[in-house]
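This report refers to the structure that appears directly beneath it.
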2 protein chains.
Amino acid sequence: MTTTDLLSRLRGRDWRLSAQRRAVAEVLVGDHVHLTAEEVHELARSRLPEISRATVYNTLNELVAMGELGVVDVVDGPRRYDPYVTAHHDHLVCDRCHTIRDVPRTTALPQVADDARGGFLVTGVEITYRGLCPDCAARYGR
Amino acid sequence: MTTTDLLSRLRGRDWRLSAQRRAVAEVLVGDHVHLTAEEVHELARSRLPEISRATVYNTLNELVAMGELGVVDVVDGPRRYDPYVTAHHDHLVCDRCHTIRDVPRTTALPQVADDARGGFLVTGVEITYRGLCPDCAARYGR
DNA sequence: TCCTGTATTAGAAGAAGTCTAACTTAGGAA
DNA sequence: TTCCTAAGTTAGACTTCTTCTAATACAGGA
C-alpha cells in the first residue's frame, strides 16, 4: 500500500503548516472518507479544541483550490470533502440518506463530441450514480 | 420537431393547474434552459405579479418529484432547474461563471461494477463535465 | 527587536431554501 | 344556496450552510 496521505503531500508544498492546518489535514485521512465541514471541525476540535469554524472553512477551501482535496455535492445537505484525489473514482450517492460510496472508474472516460463542446474548455469529468444505499433500499425501496 | 413542452405534459396529469402553477410552468420552456428558482420567480412574476416565492419553490419541488423537471447542481451558487427531461443529456459546467451547456449523451451509459455496487440500488447516472466556458476561457484560461 | 504579511478568531452577515400559521379558493354534499 | 373540506397560496420568520469582517496573534526576515 503506497497511498500518500494528504499530510505527507502537504509537506512537499510551499504551504505554511500551522497547528490548525495540521489538525484539519490529520482528520482527512483514508481513501473512502466524505466528511462535511462540520464533521471536520468536530474532529479537528478533538485535537485542537480552540480551532474555529472559519479556519476550518478557510483551510478546506485552500486545499480544494490546491487540488489536494475533492468536493462532493450531494444536492441535499452540506458539501462533503474527499481526500482521496490520488486515483480517479466516481460516487454512488443515496438519494435518501446522502451516504456516499466510492466506485473505481472502470469505464473509459466519457468524451464530449467536438461539435457539442462549442469552445468550452473541458478540464474534468464527474460521474455520479444516484440511487438508494443498501439500508435505505431495504427500508423504502423495492 | 415534436418535443412536448412541460405545460402540455402537465395537462395529461392529475394535477390541479392553478394560475400560479401555470405561470411557473409557462416560464420553464425550451430545451436548453437552466433557471434558478429566483429567475423562475422573477419571470413568473411578470405574468402573475402577486405570485410568492414559497409557491414557486413548492411548485418546482413538486415538478421535480413528478419527474417533469430536472435539477442541476453547480456546486457554487443556487440550484438550477431544467425542463428538458424528455431526452438524456449531460452538462458542461463552467467553474468560473457557472454557465451550463447541454451535451447529448453519446457515450454508452457508464456502469458500476457489480462488486463495487455492494447492495446499492442504482437508479440513475449523471455526467458533469467541468471546465471553462468560451468567454471565461478567453479571459482567464490558457 | 521591529516589521510585515499571513493566520486565526468570534461573531455578524449573506445566500438559499424550508416552514408556519393564516387566509383563499374550488368543488362537493346537504 | 350554504356549508364543509381539502388543497393551494401567502408573507414572513426561521434554518442551514458558508463567507465576510475587524480585531488580534503569530512567524520569519531585515
Side-chain angles (χ1 to χ4, degrees), chain A residues 10-11 13-27 34-45 47-66 68-82 93 95-98 100, chain B residues 10-11 13-27 34-45 47-66 68-82 93 95-98 100:
Chain A
L10 291 174
R11 279 188 242 282
R13 287 243 183 200
D14 182 19
W15 192 58
R16 202 190 291 183
L17 202 46
S18 67
Q20 288 86 345
R21 288 174 172 185
R22 177 188 306 277
V24 169
E26 281 176 351
V27 148
H34 308 94
L35 297 170
T36 64
E38 191 45 44
E39 289 165 342
V40 171
H41 190 195
E42 200 59 35
L43 291 166
R45 227 195 253 274
R47 292 161 189 269
L48 193 65
E50 70 275 23
I51 191 173
S52 74
R53 197 163 33 115
T55 296
V56 170
Y57 273 105
N58 287 345
T59 305
L60 292 172
N61 286 342
E62 282 161 32
L63 291 171
V64 170
M66 286 157 69
E68 296 289 0
L69 192 59
V71 176
V72 190
D73 215 297
V74 291
V75 176
D76 254 7
R79 229 167 257 181
R80 283 151 197 282
Y81 294 90
D82 180 355
V93 178
D95 282 333
R96 185 165 287 269
C97 72
H98 310 131
I100 300 172
Chain B
L10 291 175
R11 278 189 241 281
R13 289 240 182 203
D14 183 17
W15 193 59
R16 200 192 292 186
L17 203 47
S18 67
Q20 288 85 345
R21 288 174 171 185
R22 176 188 307 276
V24 169
E26 281 177 350
V27 146
H34 307 94
L35 298 170
T36 64
E38 190 45 43
E39 289 165 341
V40 171
H41 190 194
E42 199 60 33
L43 290 167
R45 226 195 254 273
R47 292 162 188 269
L48 195 64
E50 69 276 22
I51 192 173
S52 75
R53 198 164 37 114
T55 296
V56 170
Y57 274 104
N58 288 345
T59 305
L60 292 172
N61 287 342
E62 280 162 33
L63 291 172
V64 170
M66 286 156 71
E68 296 288 1
L69 193 59
V71 176
V72 190
D73 214 297
V74 292
V75 176
D76 254 6
R79 232 168 256 182
R80 279 147 200 284
Y81 296 90
D82 182 354
V93 179
D95 282 333
R96 184 165 287 269
C97 72
H98 311 131
I100 300 171

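Because only heavy atoms are used, hydrogens play no part in the values below, and waters and symmetry mates are left out as well, while side chains stay in. First the proteins, then the strands, lettered A, B, ... as listed; each starts at 1. Predicted model, so just to flag it, every value in this text is computed and none were measured.
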Atom pair distance, as rounded to whole Å: CD in Glu39(A) and P in dT18(D): 11 Å
Please confirm whether the shortest side-chain N or O distance from Gln20(B) to OP1 or OP2 of dT10(D) is below 4.0 Å. yes
If you assign each of Asp76(A) and Ala19(A) to its closest nucleotide in DNA chain C, which residue comes earlier from the 5' end? Ala19(A)
Measure CZ/Arg80(B) against C1'/dA16(C) and give the value in whole Å, please. 13 Å
Which part of the nucleic acid, if any, lies within reach of Glu50(B) when heavy atoms closer than 4.0 Å are counted: base, sugar-phosphate only, or nothing? sugar-phosphate
Just by distance, do the side chain of Arg13(A) and the backbone of Met66(A) share a donor-acceptor pair under 3.5 Å? yes
At less than 4.0 Å, is any side-chain N or O atom of Tyr57(A) found next to OP1 or OP2 of dT19(D)? Yes or no. no
Counting only side-chain heavy atoms from C-beta out, which of dA16(C), dT8(C), dC17(D) sits nearest to Pro78(B)? dA16(C)
Phosphate OP1/OP2 of dT9(C): any Thr55(A) side-chain N/O under 4.0 Å: yes
Specify the separation, in whole Å, of atom CD1 of Ile51(A) and atom P of dA7(C). 14 Å
Whole Å only: how far is the CG atom of Asp14(B) from the P atom of dG27(C)? 13 Å
Spacing between Arg45(A) atom CZ and dA10(C) atom C1', to the nearest angstrom: 12 Å
Residue-phosphate contact under 4.0 Å: Ser18(A) side-chain N/O, dT6(C) OP1/OP2: no
Nearest nucleotide by nearest heavy atom, which residue falls closer to the 5' end of DNA chain D, Asn58(B) or Thr36(A)? Asn58(B)
Going by heavy atoms in the side chains, are Gln20(B) and Thr59(B) under 4.5 Å from each other? no
Report the distance from atom CD of Glu42(A) to atom C1' of dC17(D), rounded to the nearest whole Å. 16 Å
Phosphate oxygens OP1/OP2 of dG27(C): is one of them under 4.0 Å from a side-chain N or O of Arg16(B)? no
Any side-chain N or O of Asn61(B) under 4.0 Å from OP1/OP2 of dT18(C)? yes
Leu17(B) has an atom CG; how far is it from atom P of dG27(C), in whole Å? 13 Å
Give Arg53(B) one of three labels, base, sugar-phosphate or nothing, depending on what nucleic acid heavy atoms sit under 4.0 Å from its own. base
Between Glu39(A) and Arg80(A), is a side chain to side chain contact (heavy atoms under 4.5 Å, CB included) present by the stated rule, with each step listed? CA-CA 9 Å; Glu39(A) 289 165 342; Arg80(A) 283 151 197 282; 4.2 Å; yes
Is the closest side-chain heavy-atom distance between Leu63(A) and Trp15(A) below 4.5 Å? yes
From the candidates dA7(C), dT19(D), dA7(D), the one with an atom nearest any side-chain atom of Arg79(A) is dT19(D)
Leu63(B) CG to dG8(D) P, in whole Å, measures 12 Å
So if I take every side-chain heavy atom of Ala54(B) and compare against dA11(D), dC20(D), dT9(D), which nucleotide ends up nearest? dA11(D)
Does Ile51(A) offer a backbone N or O that forms a donor-acceptor pair with the side chain of His41(A) under 3.5 Å? yes
Please check this pair: side chain of Arg79(B) against backbone of Ala37(B), looking for a donor-acceptor N/O pair closer than 3.5 Å. no
